[in-house]
2 protein chains.
Amino acid sequence: MQTSSMKNRILVVDDEPDVLDLVTYNLGQAGFQTDTAADGAEALRKARSNTPDLILLDLMLPEMDGLEVCKLLRRDAKTSAIPIIMLTARASEIDRIVGLELGAADYVPKPFSPRELVLRVKKRLEQSNSAAPGHAYSFGPLQVDVSRHLVTVRGRRVDLTATEFKLLVMLLQRIGHVQSRDQLLRDVWEYETNIDTRTVDTHIRRLREKLGVAAKYLDTVRGVGYRFSPEMP
Amino acid sequence: MQTSSMKNRILVVDDEPDVLDLVTYNLGQAGFQTDTAADGAEALRKARSNTPDLILLDLMLPEMDGLEVCKLLRRDAKTSAIPIIMLTARASEIDRIVGLELGAADYVPKPFSPRELVLRVKKRLEQSNSAAPGHAYSFGPLQVDVSRHLVTVRGRRVDLTATEFKLLVMLLQRIGHVQSRDQLLRDVWEYETNIDTRTVDTHIRRLREKLGVAAKYLDTVRGVGYRFSPEMP
DNA sequence: CGGCCGTGTGACGATTCTGTTACAGTTTGG
DNA sequence: CCAAACTGTAACAGAATCGTCACACGGCCG
C-alpha cells in the first residue's frame, strides 16, 4: 500500500510546548509529517483516527501517565501495531524496562539531541517498512495489512471490529494449523478470565459473514477448533 | 484440549494448603500430573530429582524467598531449563520485573482464576512442546500432520473425526507394536470409564473404511489387539 | 465336522458439537 | 446525551459423532 518514498506520519505526544516545537521542527526538516497531542486523551484519539506510522510519547503527561497511554495504545487493535518511542527525563532502568514490556519499541532519554532523536525514528521506521513478519498477510482473495488495520477480499474493503481483526490475524499467523478455542481465547482475549469458549464461535460466525467468499477457507474442525486452510473443502 | 499425548508433569510450590489444593485440582482436571512442595528446600530437591516440565512457584515462602528459589533453580544445570511461572499476592510491577529478570517464564498475580492459571500453563507448555517430535507421521501411502489435523492417503485428503484421528495417531506412534483394546481405550479415551472395549473395534472399522488402500496395513492380531505393520498380510 | 470364541458389519438411539439468532450490557462516536 | 456499534451469553435446532447392540462371518479347537 504505502511505499517508503511516501512521507511517514509521526504523532508527537508531549505537554511542553518547547519540546513539541523542537521535535516537530527537526522531524519536519528530516522529511517527516508530524501531528501533535498534549495529553493522553488527545493522543489516544489522534492515534486511533489518524493511524500514524510512529508515536513519540513523553512519559510525563498531565492527568494520564505515559505508561498508561502506552498500555492503552497496545490494547486497542487499531493502534496496537504502531511503534512507540518513549521520551523520558527519568532515565532509571525500571522505567525503561517497564516501558519496553508495555510494548514500546525504543526509548530516548531526555535531554536528547535532535540528531539522535531523528536517527532513532528513522531506524525504527525502516524496520517497519521492511517486511517485518506479521506485517501483512495475503491468502487467496484475502489481504490483511496489520499496521493499517485493513482487510480486503478481492480488493473490496471489509470492516472488521477489533476482536474480529485479532481473531483473523491469529488464524492467519498459522495458516493450515488448527487452533483450539482455548488457544484462540488466550491469544485474542489475552487471559481475560470468565469468557466462554462459545464466544469464539460467535465471533467466527461474524467473521465468516463479513469475509464473504473468503470464508470458505475458514474451516471448522469438529471437536478441535478452527483453521484457515488452502485445501478445498 | 489435548496438546500432546504425553502428560506434562508440573511441580507446584506453595506453603498454603488451600492454594495447593485449588491449583492441583484444576491442573488435574486439565489433564496434568502434579507434584507439590511446601518450601524452597523441598522445591529444589524435587525439581532436581523429578525434572518436571514446569514449575509453579509462589513468591511468598517460609524460610526462603520465592525469588531466591527461582535464582537457585536457574543456576542449577539440571533445572535451569525448566520454565517457571510465578504466583504472587503482590501485584506490583517491581516484583514482576525482578521475577522475569531472574528467569521466570510468566507471572500470575493472586488472586488468580483457575481458568487463567490453566491457560497460562498450557500456553507455556505448548511453546516447549511445539518443537517436540511426533509432529508428523509418514507411513506408506499414509501421511499425518498432527498440528494441521490433516490426513492424506496417496495425496488424497481424508476427513477423520477427532476420535478416529487420535486412534490413528496412537497406532502410528508405535508402528509394528500390537496395542490392546484396553491400552487404546486408555490412551485415546483417556480414562473415561464405562466404555466397552468393543467400541474400539467399531472405530477401527470406521478408520479402515476411510483409510481405503492404507487400511491393509492396519492389522488385527487375534485375541490381542491392533497394530500398524509394514509387513504384507 | 461342529461348536465356540473373537471379530467385522450395519443399524440405532443418545449425546455432543456447531451454526444461528436474539438480547442485554458496554463502549464509542457524534 | 442519544444512537449506533460492539461484545459476551443464552437458547435452540440441526447435524455430526459416539457408544452399544445384535447378528453374521470365519478361524481354531476338539
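Chain letters run A, B, ... following the sequence lines, proteins first, then strands; residues in each count from 1.
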Chemist: Please report the distance, rounded to the nearest Å, between CZ in B:F165 and P in D:dT17.
Modeler: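 Value for this atom pair: 14 Å.
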Chemist: Ignoring backbone atoms, establish whether A:W189 has a side-chain N or O less than 4.0 Å from OP1 or OP2 of D:dG8.
Modeler: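 Yes, because at least one side-chain N or O of A:W189 sits under 4.0 Å from OP1 or OP2 of D:dG8.
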Chemist: Between D:dT9 atom C1' and A:L185 atom CG, what is the distance in whole Å?
Modeler: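 That distance rounds to 13 Å.
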Chemist: Once each nucleotide of nucleotides 20-30 of chain D is scored for protein heavy atoms under 4.0 Å, what B/S/- sequence comes out, 5' to 3'?
Modeler: BB----B----
Chemist: Below the 4.0 Å mark, does D:dC18 have OP1 or OP2 next to a side-chain nitrogen or oxygen of B:T161?
Modeler: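 Looking at the OP1 and OP2 atoms of D:dC18, one of them is under 4.0 Å from a side-chain N or O of B:T161.
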Chemist: Does the salt bridge (Lys or Arg N to Asp or Glu O under 4.0 Å) test come out yes or no for A:K210 and A:D159, once each step is laid out?
Modeler: CA-CA 8 Å; A:K210 292 188 180 177; A:D159 283 324; over 6 Å; no
Chemist: CG/B:L211 to CZ/B:F228 distance, rounded to the nearest 0.5 angstrom?
Modeler: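 Reported to 0.5 Å precision, the distance equals 5.5 Å.
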Chemist: Using the side-chain hydrogen bond (donor to acceptor under 3.5 Å, both in side chains) criterion, which residues pair with A:R154? Sequence neighbours excluded.
Modeler: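 With neighbours one apart ignored, the set is empty.
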Chemist: Starting from C1' on D:dG8, measure out to CD1 on A:I204 and report it in whole angstrom.
Modeler: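 One finds 15 Å between C1' of D:dG8 and CD1 of A:I204, rounded.
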Chemist: 5'-most contact on DNA chain C: A:R208 or B:V221, nearest heavy atom basis?
Modeler: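 In this pair, the answer is B:V221.
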Chemist: Is any side-chain nitrogen or oxygen of A:T163 closer than 4.0 Å to OP1 or OP2 of D:dC6?
Modeler: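 Indeed not, no polar side-chain atom of A:T163 lies that close.
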Chemist: Only one of B:D14, B:I85, B:I84 clears side chain to side chain contact (heavy atoms under 4.5 Å, CB included) with B:L57; which?
Modeler: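 By the side chain to side chain contact (heavy atoms under 4.5 Å, CB included) criterion, B:L57 pairs with just one of B:D14, B:I85, B:I84: B:I84.
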Chemist: In whole angstrom, give the distance that lies between atom CG of A:L184 and atom C1' of D:dG8.
Modeler: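 In whole Å, D:dG8 C1' lies 16 Å from A:L184 CG.
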Chemist: Are B:R181 and B:D201 within salt-bridge range, i.e. N to O under 4.0 Å?
Modeler: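 Salt bridge flag = yes for B:D201 with B:R181.
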Chemist: So, the side chain of B:Q143 versus the backbone of B:V151: is there a donor-acceptor pair under 3.5 Å, distance only?
Modeler: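 No; judged by distance alone, with no hydrogens or angles, the pair does not exist.
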Chemist: Could you go through nucleotides 24-26 of chain C and list every protein N or O atom that sits under 3.5 Å from one of its N or O atoms, giving the distance for each pair?
Modeler:
none

Chemist: Under the side-chain contact (heavy atoms from CB on, under 4.5 Å) test, which residues partner B:R205, sequence neighbours left out?
Modeler: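 side-chain contact (heavy atoms from CB on, under 4.5 Å) list for B:R205, sorted by chain: B:E209.
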Chemist: I'd like to know if the side chain of A:R208 reaches the main chain of A:L218, judged simply by a donor and an acceptor atom lying under 3.5 Å from each other, with no hydrogens or angles considered.
Modeler: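 Yes; at least one donor-acceptor contact below 3.5 Å.
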Chemist: Just verifying a value: how many Å separate A:L185 CG and A:H203 NE2, rounded to the nearest 0.5 Å?
Modeler: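 Taking CG in A:L185 and NE2 in A:H203, the distance rounds to 9.5 Å.
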Chemist: Expressed in angstrom and rounded to an integer, what is the separation of A:E164 atom CD from D:dC6 atom C1'?
Modeler: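 Atom CD in A:E164 sits about 9 Å away from atom C1' in D:dC6.
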Chemist: Could you give the distance from CZ (B:F165) to CG (B:L150), rounded to the nearest 0.5 Å?
Modeler: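 Result: 8.0 Å between the selected atoms.
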Chemist: Could you tell me, to 10°, how much the axis swings from one end of the helix from C:dC1-D:dG30 to C:dG30-D:dC1 to the other, five pairs per end?
Modeler: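 Terminal axis comparison yields 30°.
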Chemist: What integer distance in Å separates A:D159:CG from D:dA5:P?
Modeler: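 To the nearest whole Å, that distance equals 11 Å.
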Chemist: Would you say the side chains of B:R174 and B:Q179 form a donor-acceptor pair under 3.5 Å?
Modeler: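 Yes, B:Q179 and B:R174 have a side-chain donor paired with an acceptor closer than 3.5 Å.
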Chemist: Can you measure A:D201 atom CG to D:dC12 atom P for me and round it to whole angstrom units?
Modeler: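 Going from CG in A:D201 over to P in D:dC12 covers 18 Å.
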Chemist: Between A:R205 and C:dT18, is there a side-chain N or O to OP1/OP2 distance below 4.0 Å?
Modeler: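 So the side chain of A:R205 is outside the cut-off, no N or O lying under 4.0 Å from OP1 or OP2 of C:dT18.
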Chemist: Sequence neighbours excluded, which residues qualify as side-chain hydrogen bond (donor to acceptor under 3.5 Å, both in side chains) partners of A:R222?
Modeler: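 None.
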Chemist: What is the distance, to the nearest angstrom, from the OH atom on B:Y226 to the P atom on C:dG6?
Modeler: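 From B:Y226 OH to C:dG6 P: 13 Å.
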